[in-house]
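Written below as structure tokens is the structure these notes are about.
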Amino acid sequence: MSETVSIDLGERSYDILIGQGLLDAQAPWRDLPRAACAVIVTNDTVAPLYAQRLQQALAPHYARRLVIELPDGEAHKDWNSLNLIFDRLLAEGCDRKTVLFALGGGVVGDMTGFAAACYMRGVPFVQVPTTLLAQVDSSVGGKTAINHPRGKNMIGAFYQPQRVVCDLDTLDSLPPRELSAGLAEVIKYGPIADPAFLDWIEQNIGALMARDKAALAHAVKRSCEIKAAVVGQDERESGLRAILNFGHTFGHAIEAGLGYGEWLHGEAVGCGMVMAADLSVRLGLMPAEFLERLRQLIARAGLPTVGPRLGAERYLELMRVDKKAEGGEMRFVVIESLGNATMRPAPDAVVRDVLDACTR
Ligand code: NAD
Ligand code: GLY
């Protein structure tokens with residue numbers, strides 16, 4: 001049984017299918033763009049687990065099915081990996097109707113989406129996310145990118161997939177640390193959009209950590225509903241969509257400051273949300289209990305709540321190149337009231353206080 005969340009973007013609208021057994025089912029792969037060739041882009045960890053099954057599921061619809069295996073890891077979210085995709089597509093004579101299938105986590109999804117946006121000026125692609133983080137966040141909404149040594153996700157495009165297929169069974173093989181990283185993005189949706197969902201996560205964090213499928217199904221569905229509603233109103237982040245980056249300004253600085261791959265993205269976001277909650281309290285927007293509540297939930301999800309001591313200057317330098325910065329002024333997503341987030345500048349002195357309190 002699967003559930004469907006729709007994202008309404010006019011002619012770029014699509015469905016997000018959520019359920020168990022979807023990889024081996026027929027329905028999720030019907031009525032996609034027709035082509036002679038389907039190309040599964042994945043990595044050397046996910047390919048042995050799931051690529052053959054996806055190839056089989058696609059067999060009735062595409063005469064040729066190729067698999068491109070990229071090296072695994074955030075450190076490989078770069079031009080070299082992107083070129084591996086282009087080189088193979090060209091070497092195999094893939095035409096402009098070729099459909100790409102991103103099978104993997106957010107790294108594979110972001111890179112495949114960017115490759116799809118660029119190859120022959122745009123080919124269709126489908127997201128088949130296999131991490132919790134990708135199922136609740138990165139596969140939805142059309143942000144695609146690679147990293148630049150000077151900043152994360154700095155080179156990319158908005159490019160929507162044709163469909164997102166979230167098979168919850170793929171989460172069975174996910175390492176526990178990656179499950180926790182995904183929970184960071186699930187938790188994010190509570191404070192920014194839905195206090196009742198925050199209550200629910202607190203009550204069900206044990207079930208989520210134990211990979212209870214009913215709990216995961218609800219978490220993925222509600223997360224996708226919230227993300228779809230936000231992206232449906234502000235696809236290209238002219239304003240509202242920035243709330244989805246709660247915790248990310250601090251988080252991206254942690255990732256870049258330590259070197260990509262040292263902390264997982266979700267770990268950096270989890271800790272970044274503690275910092276952003278601390279900032280919300282220091283700016284007088286939220287009571288201190290909110291910070292403690294969020295800190296406890298993030299810790300229960302197995303995530304770090306104290307940031308690395310990179311030094312305030314280094315944090316500030318890294319945060320000034322964040323995509324939300326304008327004219328060198330840092331801007332942060334803060335919580336104004338539970339379920340209501342906005343973006344604001346913050347005085348350097350207050351940010352320094354946050355860094356002092358939240359790093360060790
Ligand atoms: P990831 O893609 O690196 O996957 C995490 C690890 O799990 C990898 O080693 C991967 O090979 C492995 N893996 C994937 N599926 C597996 C499975 N089913 N079983 C076993 N192992 C599996 O990391 P992620 O957390 O999925 O994604 C993080 C990336 O997503 C970052 O680059 C981040 O910038 C990006 N992101 C993008 C958006 C967006 O809107 N586009 C949103 C959030 C995050
Ligand atoms: N993950 C942030 C966004 O999609 O906008």
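Every number for a ligand or one of its atoms is a count from 1 in the order of the listing.
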Report summary line: At under 4.0 Å between heavy atoms, what of Asn147 touches ligand 1? The answer is neither
Query raised in the report: For atom 1 (P) of ligand 1, what's the nearest protein heavy atom and its distance?
Result: Val107 CG2, 3.8 Å
Query - Which residue and heavy atom of the protein sit nearest atom 14 (C) of ligand 1, plus the separation - result: Thr131 CG2, 3.2 Å
Query raised in the report: Do the ring planes of Tyr119 and Phe86 sit parallel (below 30°), tilted (30 to 60°) or perpendicular (above 60°)?
Result: parallel
Query - Heavy-atom check, side chain of Leu70 versus side chain of Ile85, under 4.5 Å - result: yes
Query raised in the report: Where is the nearest protein heavy atom to atom 31 (C) of ligand 1: which residue, which atom, and how far?
Result: Glu74 OE1, 3.1 Å
Query raised in the report: Would you call the rings of His252 and His248 parallel, tilted or perpendicular, where under 30° means parallel and over 60° means perpendicular?
Result: perpendicular
Query - Trace of the ring-ring contact (aromatic ring centres under 6.0 Å, His included) decision for Phe250 with Phe332 - result: CA-CA 9 Å; Phe250 291 107; Phe332 297 88; 5.0 Å; yes
Query raised in the report: Any side-chain donor paired with an acceptor under 3.5 Å for Ser173 and Tyr50?
Result: yes
Requested in this report: Check for a donor-acceptor pair, side chain of Lys227 on one end and backbone N or O of Val140 on the other, with a separation under 3.5 Å.
Outcome: yes
Query raised in the report: What protein heavy atom is closest to atom 15 (N) of ligand 1, reported as residue, atom name and distance in Å?
Result: Thr130 OG1, 2.7 Å
Query raised in the report: Are Asp15 and Ser6 close enough, and set up right, to give a side chain to side chain donor-acceptor pair (under 3.5 Å), and what steps lead you there?
Result: CA-CA 4 Å; Asp15 285 342; Ser6 298; 2.8 Å; yes
Requested in this report: Select one of side chain, backbone, both or neither to describe which atoms of Asn153 lie under 4.0 Å from any atom of ligand 1, heavy atoms only.
Outcome: side chain
Query raised in the report: If you link I, L, V, M, F, W and Y whenever their side-chain heavy atoms are under 4.5 Å apart, who else ends up in the same group as Phe158?
Result: none
Report summary line: The side-chain hydrogen bond (donor to acceptor under 3.5 Å, both in side chains) partner of Tyr14 among Gln127, Gln162, Gln160 is Gln160
Query - Interfacing atoms of ligand 1 (cut-off 4.0 Å, heavy-atom, Asp72) - result: 8 (C), 9 (O), 10 (C), 11 (O)
Query - Ligand-side contact atoms (ligand 1) for residue partner Leu49, heavy atom cut-off under 4.0 Å - result: 19 (N), 20 (C)
Query raised in the report: Can you name the residues that come within less than 4.0 Å of ligand 2, going by heavy atoms only?
Result: Asp137, Lys143, Lys227, Glu237, Arg241, Leu244, Asn245
Query raised in the report: Take atom CD in Glu292; do more than 12 heavy atoms of anything else shown fall under 6.0 Å from it?
Result: yes
**Report entry** side chain to side chain donor-acceptor pair (under 3.5 Å) between Glu178 and Thr131, intermediate numbers included
**Finding:** CA-CA 7 Å; Glu178 299 290 350; Thr131 64; over 6 Å; no
Query raised in the report: What protein heavy atom sits nearest atom 17 (C) of ligand 1, and how far off is it?
Result: Ser173 OG, 3.5 Å
**Report entry** Close side-chain approach of Tyr189 to Asp194, heavy-atom, < 4.5 Å
**Finding:** no
Query raised in the report: Of the choices Glu255, Lys227, Arg177, which has the non-hydrogen atom that lies closest to atom 40 (O) of ligand 1?
Result: Lys227
Report summary line: atom 38 (C) of ligand 1 has as its nearest protein heavy atom Ser138 CB, 3.2 Å
Requested in this report: Would you mind listing which atoms of ligand 1 come within a distance below 4.0 Å of any non-hydrogen atom of Thr170?
Outcome: 17 (C), 18 (N)
**Report entry** Those atoms of ligand 1 less than 4.0 Å from some heavy atom in Thr45
**Finding:** 11 (O)
Report task. Check ligand 1 against Asp137 and write out every atom of the ligand that is under 4.0 Å from a heavy-atom position of the residue. Result -> 42 (C), 43 (C)
**Report entry** Close N or O approach (Arg241, ligand 1; < 3.5 Å)
**Finding:** no
Query raised in the report: Which ligand 1 atoms are under 4.0 Å away from a heavy-atom of Lys77?
Result: 31 (C), 32 (O), 33 (C), 34 (O), 35 (C)
Query raised in the report: Of the backbone atoms (N, CA, C, O) and the side-chain heavy atoms from C-beta on, which set of Lys143 has a member under 4.0 Å from an atom of ligand 1: side chain, backbone, both, or neither?
Result: both
Report task. Give the residue and atom name of whichever protein heavy atom lies nearest to atom 33 (C) of ligand 1, and the separation in Å to one decimal. Result -> Lys152 NZ, 3.6 Å
Query raised in the report: Which atoms of ligand 1 are found less than 4.0 Å from any heavy atom of Asn43?
Result: 10 (C), 11 (O)
Requested in this report: Do me a favour and list the nearest non-hydrogen protein atom to atom 13 (N) of ligand 1 with residue, atom name and distance?
Outcome: Val46 CG2, 3.8 Å
Query raised in the report: Taking NZ, NE, NH1 and NH2 as the nitrogens, is one of them in Arg344 or Glu336 under 4.0 Å from a carboxylate oxygen of the other?
Result: yes
Query raised in the report: Do any N or O atoms from the side chain of Thr144 and from the backbone of Ala157 form a donor-acceptor pair under 3.5 angstrom?
Result: yes
Report task. Check whether any side-chain N or O of Ser13 sits under 3.5 Å from a backbone N or O of Gly10 as a donor-acceptor pair, and report yes or no. Result -> yes
Report task. Show your reasoning for whether side chain to side chain contact (heavy atoms under 4.5 Å, CB included) applies to Gln55 and Tyr62. Result -> CA-CA 9 Å; Gln55 268 185 305; Tyr62 301 95; over 6 Å; no
Query raised in the report: Looking only at heavy atoms, is any part of Leu174 under 4.0 Å from ligand 1, and if so is it the side chain, the backbone, or both, or is it neither?
Result: both
